[in-house]
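Take a look at the structure below.
As a basis for the values below, the full set of heavy atoms in this structure was taken, side chains included, without hydrogen atoms, waters or symmetry mates. Below, chain A is the first sequence line, B the second, and so on; all start at residue 1.
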Amino acid sequence: MDQITNNISATESESWKLPKHLCWKEGRTYSLEEAREALVGCFRHLLGTTMCNQELQSGGFGALIKNNPSRQFAESTILDGFEHLKQRASISCDPKLVLRSIFRLNFVINNLEGKKESAQVEQGPGKVYMIACENDIAIARDAAMRMAKKIGFSLTHGTSIATAVSELARNILRYAEEGRVALYIIKKEGQVGLKIYATDEGPGIPNINEILSGNYVSKTGMGLGMIGTKRLLDHFSVETSEGNGTRVMGIKYVR
Amino acid sequence: MDTVEKMVPIVRMSDKLIVSIQGSLHDREAIQLQDDILMTIQKSGSCGLVIDISAVPMMDSYIAKTLNDIAREALVMGTRSVIVGMQPAIAITLVTMGLEFDNLQTALNLDQALELLGEEDGSDNE
């Protein structure tokens with residue numbers, strides 16, 4: 001980052017400026033809302049469309065800002081979302097331009113109020129468990145229980161983690177027929193924790209907001225699998241949209 | 001995709017049924033269990049069902065729903081149910097998740113469970 005700029009060029013002739021209230025100055029920090037506004041504005045310009053917020057949300061930008069603003073995750077989410085939007089909107093725009101814009105917005109992301117520590121999470125190599133049949137749920141669940149015990153979780157919290165894994169694996173099996181559950185040991189500022197990453201290429205969850213608000217009752221369950229899982233964990237985020245699979249991330253720290 | 005199908009034992013004790021669930025239930029096993037219990041209730045004319053979960057290490061919303069369903073179906077047939085042997089870790093997990101059992105009481109041990117079922121039925125063995 002040799003040059004701080006408030007201008008982002010999408011094409012040779014056009015350039016887009018950050019609105020005045022978002023311009024970077026020495027010592028300023030950005031709230032989540034401001035970061036979102038900056039990124040949304042940038043992408044709207046790059047893609048040359050006036051996308052509604054919902055489409056941007058479904059491209060993963062919402063998850064990016066709301067749940068995990070670490071730079072690495074932000075970049076990969078933006079690129080994923082960008083590819084998705086590109087296909088849907090038939091736009092030809094060079095992803096490299098996008099990346100350049102990301103770097104120029106680096107200050108925005110890294111200066112989110114009170115969120116700097118999220119860049120300091122160390123993640124160990126993970127173990128991935130394929131979920132394709134009933135037995136796989138038990139395998140993933142037992143592995144989670146063992147891992148939790150190994151890193152020092154109490155029996156209760158280990159059970160909570162195993163239950164969360166079981167819920168997520170069962171959802172994968174039921175709705176997507178197959179997917180993966182990955183378990184990682186993570187360290188953040190001296191705290192040790194376990195991270196669950198459950199992904200599938202299934203039909204996605206169109207009414208995820210309704211489900212997470214606790215007002216939804218599913219036909220096949222008690223309606224509390226997803227939100228129940230959220231309550232068991234310290235951090236929880238879902239990235240999903242209709243036809244684009246589902247990616248669930250959950251973290252629990254040892255107390 | 002071979003799975004070993006477990007048969008969950010259903011034991012009759014005077015006019016009560018005791019079901020001991022071992023480990024965790026697969027989808028198919030859960031459905032089989034519901035069928036088995038309801039058939040046994042019909043054949044034996046039991047008026048109380050005790051579900052022993054002391055060998056169940058972990059309960060997710062699916063298993064909780066299965067137990068709820070069994071209790072509700074048994075009730076429709078005239079039989080009340082009590083859960084016995086819940087491990088503390090499960091109790092904490094259930095409360096944290098917000099899962100609740102309706103139509104299903106809990107008891108700390110078998111004696112209490114039988115008492116609960118016996119009392120409210122009005123059938124007195126003394």
d(A:Ile161 CD1, B:Met58 CE) to nearest 0.5 Å is 12.5 Å
Heavy atoms of A:Arg170 and B:Leu25 approach each other most closely as NH2-O, 3.8 Å
Closest heavy-atom pair, B:Ala89 versus A:Thr159, reported as atoms and distance to 0.1 Å, is CB-OG1, 3.4 Å
The reported gap from CG in B:Asp60 to CD1 in A:Ile137 (rounded to nearest 0.5 angstrom) is 8.0 Å
Q: Tell me, yes or no, whether the heavy-atom count around B:Met13 atom CE, taken from other residues, nucleotides or ligands under 6.0 Å, exceeds 12.
A: no
Comparing A:Ser160, A:Ser166, A:Ala164, A:Ser154 against chain B, the one with the most heavy-atom pairs below 4.5 Å turns out to be A:Ser166
Check the pair A:Thr163 / B:Met59 against side-chain contact (heavy atoms from CB on, under 4.5 Å), numbers first and verdict last. CA-CA 7 Å; A:Thr163 305; B:Met59 191 175 296; over 6 Å; no
Between the OG1 atom in B:Thr93 and the NE2 atom in A:His157, the distance rounded to the nearest 0.5 Å is 9.0 Å
Note: A:Gly225 and B:Ser61 closest approach over all heavy atoms is CA-OG, 3.7 Å
Hits for side chain to side chain contact (heavy atoms under 4.5 Å, CB included) against B:Asp35, two or more places apart or cross-chain, chain-then-number order -> B:Ile31
So, the part of B:Pro88 with a heavy atom under 4.5 Å from chain A: the answer is neither
Quick one: are B:Tyr62 and A:Glu167 in side-chain contact, heavy atoms under 4.5 Å?
no
query = With a cut-off of 6.0 Å (strictly less than), are more than 12 heavy atoms of other residues, nucleotides or ligands near CE of B:Met77?
reply = yes
(message) Does atom CD (A:Glu177) have a neighbourhood of more than 12 heavy atoms from anything else shown, all under 6.0 Å?
(response) no
